Structures are given as C-alpha cells and as structure tokens.
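A note on names: the letters A, B, ... follow the listed sequences, proteins ahead of strands, and every chain is numbered from 1. Side-chain atoms are counted along with the backbone in the values below, which use heavy atoms only and exclude waters and symmetry mates. Remember, it's a predicted structure, so these values are computed and weren't measured experimentally.
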Amino acid sequence: TQLLEQSPQFLSIQEGENLTVYCNSSSVFSSLQWYRQEPGEGPVLLVTVVTGGEVKKLKRLTFQFGDARKDSSLHITAAQPGDTGLYLCAGLINAGGTSYGKLTFGQGTILTVHP
Amino acid sequence: EAEVAQSPRYKITEKSQAVAFWCDPISGHATLYWYRQILGQGPELLVQFQDESVVDDSQLPKDRFSAERLKGVDSTLKIQPAELGDSAMYLCASSPGRGGEFFGPGTRLTVL
C-alpha cells in the first residue's frame, strides 16, 4: 500500500502549457517536500511546505499544502523543455518525541515538455 | 554550498560479489538516510540513522545488506552477496532535522 499517491505518473505536454501534479494521502504530514530529479542524478529539493493551506511560489512553480496537511499540489505555468524531469513529492512524519522523522516518497511523475 | 558526497558514482559487479558504497553527509546533519531507487520510480528507504544509531531499518534486506555510521558522520552501505535484482540507484541523503532532505548524486549499481 502506497502511503503517498502521486498523479499522474506520466505527463507529456507542449512548451507553454500549464500542468498540475497531485500528491494525496490519508496520513497527516508534519511537512511535505517536492523534489525534481534528472536522469543519473539525485533528487534536488525544490520546496518544503509546513503549514496547512500554505502556498509557496518558485518562479513559474506554485506549491500548495492542503488545509489538513494530507495532500499537496505542484502547478507549473508555461512549461519549458528545461522543466523536463522526474518530480517527486515526499511527506515527513515525525516520530513522537523526537527531532527526526520518516520521509515517504510518492511514485513520481515523469514530465516531458516538448519544444 | 555544502553537498552530500557519495562514492563511487558507478559500480558494475558480478552476482555473488560484495559491494560497498560510501556517503559523507552535510556537516552537522544528524540524520542520514540510504534509499534505493528503481529507474522512473520514487526512492524507497533502506535505513535511517540518527547520529550513529539506526532508527529505521525495517525495509533493509538484512540477510545481505548492512549499514553502519560508526562515528555518526559518514556511512557505509554494503551488499554481500549482490544479486541481479539489486541493480538500482543507491541514494544517500542527510537532514538537519524537521523537513528538507538533501541528496547526494547517487551510486548506480549494475549487477551482471
């Protein structure tokens, strides 16, 4: 059973189009991260959202954390070929009484932006 | 800018051989993770350290995999013996605490 359901799994669009990737769970997370990964490299952290309802913007990328801290979305405006990659969401659940947590990843969304 | 270091970047080995991967986290990061990632999928946690202690190794195949972080700094992941199904990217990540893990470049393992 996947703790974090990420959709869609594949996305192929033309340059200039908008897109949204979703990350859903029945669990409450203390924070949620979005990563972008290129082939042969490790994931690169894009953003961390912590507060329910929080919205963060990073240039053409908009990240939203659900009010109940169970879901998140990534919206890209006017996609460019350079946005091509694997996008991963990851939810953090803190172990009770500790300063660390367990990070669980979604299955990932492979985005291809055609020129 | 501080980065997580991993070596080697690539490793090709034959099945039944032993392999070892090394990770040096960002200085001061108490939490260290080893993940395994199949191409095109999300990483799966193998083991998590808090300082030198293992806090989660529930998904680590302990009959053939072992991990240590003796001084609470760098870490080694070992596979002995390697099997064909172990071919994957092995990622190390570190974190200062709540949220935001920083990944190394990974080690691409191919078992022949």
For this session: Answer yes or no: is there a side-chain heavy-atom contact under 4.5 Å between Pro39(A) and Leu39(B)?
Result: no
Exercise. Can you tell me if CD on Glu15(A) sees more than 12 non-hydrogen neighbours from other groups inside 6.0 Å?
Worked result: yes
Problem set entry | CD (Gln17(B)) with more than 12 external heavy atoms under 6.0 Å | yes
For this session: Measure across Leu88(A) and Pro43(B) and return the closest heavy-atom pair with its distance rounded to 0.1 Å.
Result: CD1-CD, 3.9 Å
Problem set entry | Over 12 foreign heavy atoms within 6.0 Å of CD, Gln59(B) | no
For this session: Identify which part of Gln37(B) has an atom lying under 4.5 Å from any heavy atom of chain A, answering side chain, backbone, both or neither.
Result: side chain
Problem set entry | Side-chain ion pair, Glu41(A) and Arg9(B), N-O less than 4.0 Å | yes
For this session: Look at Gly40(B), Ala30(B), Gly106(B) and state which one has the largest set of heavy-atom pairs under 4.5 Å with chain A.
Result: Gly40(B)
For this session: Might you confirm whether atom CD of Glu14(B) has over 12 heavy atoms from other residues, nucleotides or ligands at distances under 6.0 Å?
Result: no
Problem set entry | Neighbour count >12 (heavy atoms, 6.0 Å) for atom NZ, Lys71(B) | no
Problem set entry | hydrophobic_cluster_shared for Leu45(A) and Phe105(A), side chain cutoff 4.5 Å | yes
Problem set entry | Contacting moiety of Leu103(A), where chain B heavy atoms sit under 4.5 Å | both
Exercise. If you draw a 6.0 Å radius around NZ in Lys56(A), do more than 12 non-hydrogen atoms from other residues or ligands fall strictly inside?
Worked result: yes
Problem set entry | Region of Gln9(A) in contact with chain B, defined by heavy-atom distances below 4.5 Å | neither
Problem set entry | Under 4.5 Å from a heavy atom of chain B, the part of Tyr35(A) involved | side chain
For this session: Begin with the C-alpha distance, continue with both residues' side-chain angles, and end with the deciding distance and a verdict on side-chain contact (heavy atoms from CB on, under 4.5 Å) for Val44(A) and Phe103(B).
Result: CA-CA 7 Å; Val44(A) 175; Phe103(B) 283 82; over 6 Å; no
Exercise. Taking a hydrophobic cluster as the set of Ile, Leu, Val, Met, Phe, Trp and Tyr residues connected by side-chain heavy atoms closer than 4.5 Å, whether directly or through intermediates, do Tyr22(A) and Val49(A) fall within one such cluster?
Worked result: no
Problem set entry | Heavy-atom side-chain proximity of Gln37(A) to Leu91(B) below 4.5 angstrom | yes
Seminar exercise, completed: Rounded to the nearest 0.5 Å, the CD atom of Gln41(B) sits from the CG atom of Leu86(A) at a distance of 10.0 Å
